[in-house]
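Everything below concerns the one structure shown next.
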Amino acid sequence: MSDQQQRKPLPFIANFAAGAIAGISEILTFYPLDVVKTRMQLDTGKSKGLVGTFSSIVKQEGVGRLYRGLVPPLLLEAPKRAVKFAANDFWGKTFLQMTGKSKMDQQLSVLTGCSAGATESFVVVPFELVKIKLQDKTSTFAGPMDVVKQIVRKEGFLGLYAGMESTFWRHVIWNGGYFGCIFQVRAMLPKAETPQGQLMNNFISGSIGGFAGTVLNTPIDVVKSRIQGATKVPGVIPKYNWTFPALIMIAREEGIRALYKGFVPKVLRLAPGGGVLLLVVEFTLGVFRKALGPPYI
């Protein structure tokens, strides 16, 4: 839209704050599905499915277990989502300048999303590791700080970055699919004539983007969960170590379907969750534009 192209871009802090608010909103709404997803991915046996895994957790461990490990991702969501959207804005502007193009296209949207995901991955690894350790059914950790203390004591500070490589690929692939899909779907949807219509378009495009990103990155996410959920034994090479060899190993030992363990709860969270993210981000940015006034409106 021409008026959007002419208005002054919002400052970095506005994009950062909008992403933070959106991330906290999403995690509070969908966290139990993340717990179920992780349990399914860590299970090397026959999957119980979404309902079976959910029921098993509630019956054997209580409803509260569905929120175990919430503190790390809750603390993480603000910087994680803030970095996602701020990095996407930064890389988008950077690539437009590098290519000399006046507006985004499909290829630049994917490239921008992948770059934002790569940036985001460096922030999230320690938080993801703590979350996985706490969500594991066999976990005996007292809480987040106990996980950190034990890992640092046994493996050193770099132990908090176990699974860095798989996390990198997970976020690169998800963000590339997410932002690339958003660009394409927005172009296909009817032009919104009202603010409510614009919010609906954002929710629809964000949800479809979240679905696409989840389809693409779930196998990598399964590997990441296995790597971060494993207990390291001195002198023993971990069974799951590097992403692509681990993908082949899981497919060979458990079948191709095992690479999509936890897909249903993951997509139930990240498809509407992706819509919530984009909706809240765009709404919050709109509030900032009104508050700052011209030339941001």
Side-chain angles (χ1 to χ4, degrees), residues 19-20 22-44 53 57 61-84 117-172 174-175 217-218 220-234 238-243 246 261-262 265-266 269-270 273:
I24 292 173
S25 302
E26 189 269 339
I27 195 70
L28 289 175
T29 306
F30 296 103
Y31 185 74
L33 287 170
D34 189 64
V35 175
V36 175
K37 180 265 299 184
T38 300
R39 287 293 186 85
M40 293 173 70
Q41 291 179 342
L42 292 175
D43 187 359
T44 58
T53 303
I57 293 172
E61 305 167 58
V63 175
R65 191 73 178 191
L66 292 171
Y67 288 89
R68 181 166 171 80
L70 174 62
V71 174
L74 191 58
L75 293 174
L76 167 65
E77 280 307 307
K80 173 184 175 182
R81 302 305 187 185
V83 168
K84 176 196 294 291
T119 306
E120 179 188 25
S121 68
F122 288 96
V123 178
V124 307
V125 178
F127 294 90
E128 282 283 322
L129 178 63
V130 172
K131 184 193 73 171
I132 295 294
K133 294 294 188 186
L134 290 173
Q135 288 180 345
D136 191 348
K137 183 178 181 178
T138 62
S139 175
T140 57
F141 295 103
M145 291 311 300
D146 185 39
V147 177
V148 173
K149 289 177 182 177
Q150 291 200 38
I151 290 176
V152 172
R153 186 173 66 246
K154 295 176 182 177
E155 305 170 35
F157 178 78
L158 290 179
L160 294 173
Y161 278 82
M164 176 68 237
E165 181 246 3
S166 56
T167 302
F168 173 86
W169 289 117
R170 184 184 80 152
H171 286 266
V172 166
W174 195 88
N175 282 272
N217 92 331
T218 295
I220 308 294
D221 194 35
V222 171
V223 170
K224 185 195 77 72
S225 293
R226 298 282 181 93
I227 291 173
Q228 293 186 323
T231 300
K232 290 189 176 181
V233 179
K239 180 176 181 179
Y240 306 106
N241 203 357
W242 296 97
T243 301
K261 281 189 172 182
K266 182 178 171 70
R269 177 194 171 190
L270 292 178

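When reading the values below, keep in mind they use all heavy atoms of this one structure, side chains included, and skip hydrogens, waters and symmetry mates.
Paired with K224 under the rule side chain to side chain contact (heavy atoms under 4.5 Å, CB included), one option of I132, T243, T38 passes, and it is I132.
Nearest heavy atoms, Q41 versus S225: OE1-OG, 2.6 Å. Nearest heavy atom pair, residue A246 against residue V223, reads CB-CG1, 3.7 Å. Closest of all the heavy-atom pairs between I227 and N241 is CD1-O, 3.3 Å. Between S121 and H171, the shortest heavy-atom distance links the atoms CB-CB, 4.1 Å.
Here the side chains of L160 and V125 are not in contact, with every heavy-atom distance at 4.5 Å or above.
Judged purely by atom type and a 3.5 angstrom limit, D221 has no side-chain atom pairing as donor or acceptor with the backbone of N217. Of the possible polar contacts, one joining the Q228 side chain to the A162 backbone as a donor-acceptor pair under 3.5 Å is found.
The line from CD1 of I220 to OG1 of T167 is 10.5 Å long, rounded to the nearest 0.5 Å. F122 CZ to Y161 OH: the interatomic distance, rounded to the nearest 0.5 Å, is 9.0 Å.
Look at D146 and K149 and you find no salt bridge, because none of the NZ, NE, NH1 or NH2 atoms lies under 4.0 Å from a carboxylate O.
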**OP:** Given side chain to side chain contact (heavy atoms under 4.5 Å, CB included), test S166 with R226 step by step and report yes or no.
**Re:** CA-CA 10 Å; S166 56; R226 298 282 181 93; over 6 Å; no
**OP:** Evaluate side chain to side chain contact (heavy atoms under 4.5 Å, CB included) for I57 paired with R39, printing each intermediate quantity in order.
**Re:** CA-CA 9 Å; I57 293 172; R39 287 293 186 85; 3.5 Å; yes
**OP:** Quick one: do R170 and E128 satisfy side chain to side chain contact (heavy atoms under 4.5 Å, CB included)? Show the steps, please.
**Re:** CA-CA 12 Å; R170 184 184 80 152; E128 282 283 322; 3.3 Å; yes
Original post:
Going through the distances and angles, do K266 and K261 end up as a side chain to side chain contact (heavy atoms under 4.5 Å, CB included)?
Top reply: CA-CA 9 Å; K266 182 178 171 70; K261 281 189 172 182; over 6 Å; no
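Judged as a side chain to side chain contact (heavy atoms under 4.5 Å, CB included), and not counting sequence neighbours, the contacts of V147 are V130, K133, L134, F141, I151.
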